[in-house]
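Ligands are counted one by one from 1 in listed order, and the atoms in each one are counted from 1 as well. These numbers come from the heavy atoms of this one structure, side chains and all, not from hydrogens, waters or symmetry mates. For reference, positions follow the sequence shown, starting with 1. None of the values given here were measured: they were computed from a predicted structure.
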Amino acid sequence: MKLTVGFLQFKPEFGKIRENTDYIIGELKKHRFDIAVLPELCTTGYLFESVKQANEFAESKDGYFIQSLSKLAKEKKCIIAGGFCERGKEKPFNSQVLVSEKGVLSIYRKAHLFYKEKEIFAKGNTPFKAVDTGKGYKVGLMICFDWIFPEAMRSLALDGAQVILHSANLVLPYCQRAMFARSLENRVFIITANRFGKETNSKGESVEFTGKSQITSPEGEVLLTIGEKTKGFYSVEIDLSLTDKQMNPLNHLFNDKRTDLYNLF
Ligand code: ACM
């Protein structure tokens, strides 16, 4: 099965959920695709100064972002994943929604919180399970720093995910250099949608994001990469037959695992 898959890289305006959502919808409307991935926290921006401030921007399924995204997925009969600040009990979650023409397929809550995210967000509680898109293939959801824990992507791949939808707000340069290996070792496609730009909050804290969104293949190739500050939607065609785990007549990526020798848990 062949799919057109892509990402939208841009610079969200901090706290402007409506404006950011309208920009996203406007851009995606211009393109034809089967899967689109948006960055982490793509409607709010990243650098919250307090739990209270993050809670002010937290949304639920009935919020403007998810409603707008679901409507677009219905019109275009596609699937879209993107990061948002999800309303929780005391703290919000750093979450990622997956929508199709059927509505919300899944919400994933970031498991591995990066640095001061630990002060703002509640720890994710959704397992790394593949999501059946209902279109003859499965996807996996993950957010930014999750990438550095290989168990996360392995869990998704073992559960049948063929395309990993990775919404990111990367601040370090390593992920983009490393993802070819995650793709290769799990025989999955990975769409990393990153953002660019700098944010500074009232406490004087500052972060700059590294852009360079990319798509990597099960053969370890970088199929598509863009610049640090390139803005817009970019896509490529992928062939899901490459995610077959039979590497040659004698080697199967999962059946050949020597779990009797590993010391993982
Ligand atoms: C990150 O996980 N946003 C670095």
Side-chain angles (χ1 to χ4, degrees), residues 7-17 20 24 37-51 53-55 57-59 65 81-86 88 91-98 107-128 140-156 164-183 190-201 203 205-216 225-226 228-231:
F7 52 71
L8 179 64
Q9 176 168 296
F10 70 111
K11 175 184 180 300
E13 293 301 319
F14 188 81
K16 301 206 166 139
I17 294 181
N20 291 324
I24 290 165
V37 185
L38 309 169
E40 177 182 8
L41 294 168
C42 68
T43 56
T44 55
Y46 180 81
L47 202 55
F48 297 110
E49 60 191 30
S50 63
V51 173
Q53 186 188 47
N55 274 330
F57 295 125
E59 285 202 272
F65 174 55
F84 72 110
C85 181
E86 185 192 8
K91 287 176 163 182
F93 293 101
N94 182 342
S95 295
Q96 187 188 28
V97 66
L98 177 71
I107 289 182
Y108 162 69
R109 296 171 173 157
K110 188 174 185 179
H112 305 98
L113 297 172
F114 177 70
Y115 194 42
K116 292 196 178 176
E117 287 173 33
K118 289 190 173 194
E119 294 170 4
I120 302 290
F121 297 105
K123 228 193 239 182
N125 54 7
T126 47
F128 289 99
L141 299 179
M142 63 162 39
I143 303 178
C144 208
F145 193 51
D146 284 332
W147 79 269
I148 210 164
F149 299 86
E151 296 87 349
M153 189 138 354
R154 188 59 139 195
S155 300
L156 293 170
I164 307 298
L165 315 184
H166 182 218
S167 292
N169 274 187
L170 293 159
V171 295
L172 300 170
Y174 311 119
C175 172
Q176 294 93 329
R177 288 190 226 144
M179 282 313 226
F180 82 93
R182 291 279 178 286
S183 265
I190 305 170
I191 307 166
T192 296
N194 197 19
R195 60 161 289 179
F196 63 87
K198 191 171 178 178
E199 284 187 9
T200 304
N201 66 17
K203 291 173 159 175
E205 294 166 330
S206 197
V207 277
E208 182 145 17
F209 304 95
T210 54
K212 293 188 171 181
S213 295
Q214 67 180 25
I215 299 176
T216 52
T225 175
I226 63 170
E228 244 175 272
K229 293 191 165 62
T230 307
K231 190 172 175 177

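- Other residues, nucleotides and ligands place no more than 12 heavy atoms under 6.0 Å from the NZ atom of Lys16.
- With rounding to the nearest 0.5 angstrom, the CD atom of Glu119 is 14.0 Å from the CZ atom of Phe48.
- Phe57 has its ring centre less than 6.0 Å from the ring centre of Phe14.
- Note on ring orientation: taking the six-membered ring where Trp is involved, the planes of His112 and Phe149 are parallel (angle under 30°, cut-offs 30° and 60°).
- Side-chain atoms of Arg195 and Asn169 include no donor-acceptor pair closer than 3.5 Å.
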Considering only N or O atoms, set out every pair between ligand 1 and the protein closer than 3.5 Å, with distances to one decimal place.
from     : atom 1 : to     : atom 2 : distance (Å)
ligand 1 : 2 (O)  : Lys110 : NZ     : 2.7
ligand 1 : 2 (O)  : Phe145 : N      : 3.1
ligand 1 : 3 (N)  : Glu40  : OE1    : 3.0
ligand 1 : 3 (N)  : Glu117 : OE2    : 3.3
ligand 1 : 3 (N)  : Asn169 : O      : 3.2

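- The aromatic rings of Tyr46 and Phe209 lie perpendicular to each other, with more than 60° between the two planes, well past the 30° mark.
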